[in-house]
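Structure, as structure tokens:
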Protein chains: 2
Amino acid sequence: MTSDATSSGDLDRYHIAILAELQSDARQSNAELAQRIGLSAAPTWRRVKWLEEQGYITGYRAELDRRKIGLGVLAFVRVDAERSAGSATKALEDEIRQLPEVIACHYISGTGTFELQVMATDLDAFSRFSINTLLKLPNVKDIHTSFSLGEVKAGGALPLTHLQG
Amino acid sequence: MTSDATSSGDLDRYHIAILAELQSDARQSNAELAQRIGLSAAPTWRRVKWLEEQGYITGYRAELDRRKIGLGVLAFVRVDAERSAGSATKALEDEIRQLPEVIACHYISGTGTFELQVMATDLDAFSRFSINTLLKLPNVKDIHTSFSLGEVKAGGALPLTHLQG
DNA sequence: AGTGAAAACCGTAGCGT
DNA sequence: ACGCTACGGTTTTCACT
């Protein structure tokens, strides 16, 4: 990497306001954004471009209603790997990355455990996925599933309160 | 609710293509989007508006690099509630919803357990947060924390493969 | 439904402060 | 570094097929 990955010191309150605004609505016009943060259009636009170039903003994504598109089941799955280090685990990571049903996967400990977030149309489809796909992946010892019974909070907007708060 | 929440039957391949495109880049111009899905600009625009109005698209969000903005720690926290039903749990939900450090929270079982995703600047800040805030919430029995040691897959794009795939 | 054109708006660059 | 102005392109609407 060319620069420090954890240097957020060069963000002023306008940068922070832009990040907050674009996190809640990425499709507002630059004019609208400028007005909301209290700057005129040109410098606002320059700052947005700068935030993109520096890698603070990594992309813009539409958020979909998972139930409307037929994904009734969201599950948190802990996958225990047989061996926790080496090429076997790397291979397992690569396999997991390929699965569209897995929307997130984190390596969470030294004991070879992954935490996955899995989407499926219904319980039946999830069942088939875990038996036919997950449990057949190389180096998988076993899995523990917890289903989401309700979303108390979602939408994953990152807190910015620690910046100049 | 006014209409069926799980009816994705009125989506044709253009709708699906639009959802896929906007999930990967929500800021592309309508002209670009139209060209990619193989339709001209006006009908593409109407379809996008329709998807927004029907609630398939719930919003557009900028994705930020959590490390660049100083959030070095991501943790998965299981919160066990004292009593699993009634107003005490509802109150706990409301408290959790208020915390900016908690970016996601799901109710995951009948035993009064929540799965949280928590962001913090560093281990020290996380430690303070769990001791001073999480453990002091009403109706919390105990918590189990797993730290993310690496993101194998992230970015939470929903699979659309089950639609007319 | 999709097409094509027209008007309003916005993004973008350059210059002045 | 911010703000203003002006141009070129895009979004967005509307009338027509």
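Here is how names work: the chains are called A, B, and so on, in the same order as the sequence lines, proteins then strands, and each is numbered from 1.
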With a 6.0 Å cut-off (strictly less than), is the heavy-atom count around CD of Gln35(B), excluding the residue itself, greater than 12?
no
Rounded to whole Å, the CG-P distance (Asp10(A) to dA1(D)) equals 12 Å
Here the helical stems involving DNA chain C, each at least 3 consecutive Watson-Crick or G-U pairs closer than 3.5 Å, sorted by first residue number, are C:1-10 with D:8-17, C:12-17 with D:1-6
Separation of dC2(D) atom C1' from Tyr14(A) atom OH, nearest Å, is 9 Å
Among dG14(C), dT12(C), dG2(C), the one nearest any side-chain atom of Trp45(A) is dT12(C)
Check the pair His15(A) / Gln54(A) against side chain to side chain contact (heavy atoms under 4.5 Å, CB included), numbers first and verdict last.
CA-CA 12 Å; His15(A) 290 124; Gln54(A) 299 296 312; over 6 Å; no
Report yes or no: does Ser24(A) contribute a side-chain atom to a donor-acceptor pair with the main-chain N or O of Glu21(A) at less than 3.5 Å? yes
### Query
Does atom CZ of Arg13(B) have more than 12 heavy-atom neighbours from other groups under 6.0 Å away?
no
Whole-Å distance, Leu39(B) CG to dT3(C) C1', equals 11 Å
Separation of dC10(C) atom P from Gln28(A) atom CD, nearest Å, is 12 Å
Gln35(B) CD to dT11(D) P, in whole Å, measures 12 Å
Out of dT11(D), dC2(D), dC14(D), minimum distance to the side chain of Ala31(B) belongs to dT11(D)
Testing dT3(C), dT11(D), dG3(D) for proximity to the side chain of Ala42(B), the answer is dT3(C)
#### Entry: Between Phe76(B) and Phe76(A), ring centroids under 6.0 Å
no
Atom NZ of Lys49(A) and atom C1' of dT12(C) are separated, to the nearest Å, by 10 Å
Separation of dA1(D) atom P from Trp50(A) atom CH2, nearest Å, is 10 Å
Does Ser40(B) have a side-chain nitrogen or oxygen under 4.0 Å from the phosphate oxygens OP1 or OP2 of dG2(C)?
-> no
Quiz item: With no hydrogens and no angle check, is any side-chain donor or acceptor of Ser130(B) less than 3.5 Å from a backbone partner on Ser127(B)?
Solution: yes
Among the nucleotides dG3(D), dT11(D), dG11(C), whichever has the atom closest to the side chain of Ser29(B) is dT11(D)
Separation of dC2(D) atom P from Arg46(A) atom CZ, nearest Å, is 7 Å
Pro43(A) has its side chain closest, among dA13(C), dT11(D), dG3(D), to dG3(D)
Where does the angle between the aromatic ring planes of Phe114(B) and Tyr107(B) fall among parallel (under 30°), tilted (30 to 60°) and perpendicular (over 60°)? tilted
May I ask you to evaluate whether Arg47(B) reaches the phosphate of dG2(C), defined as a side-chain N or O under 4.0 Å from OP1 or OP2? yes
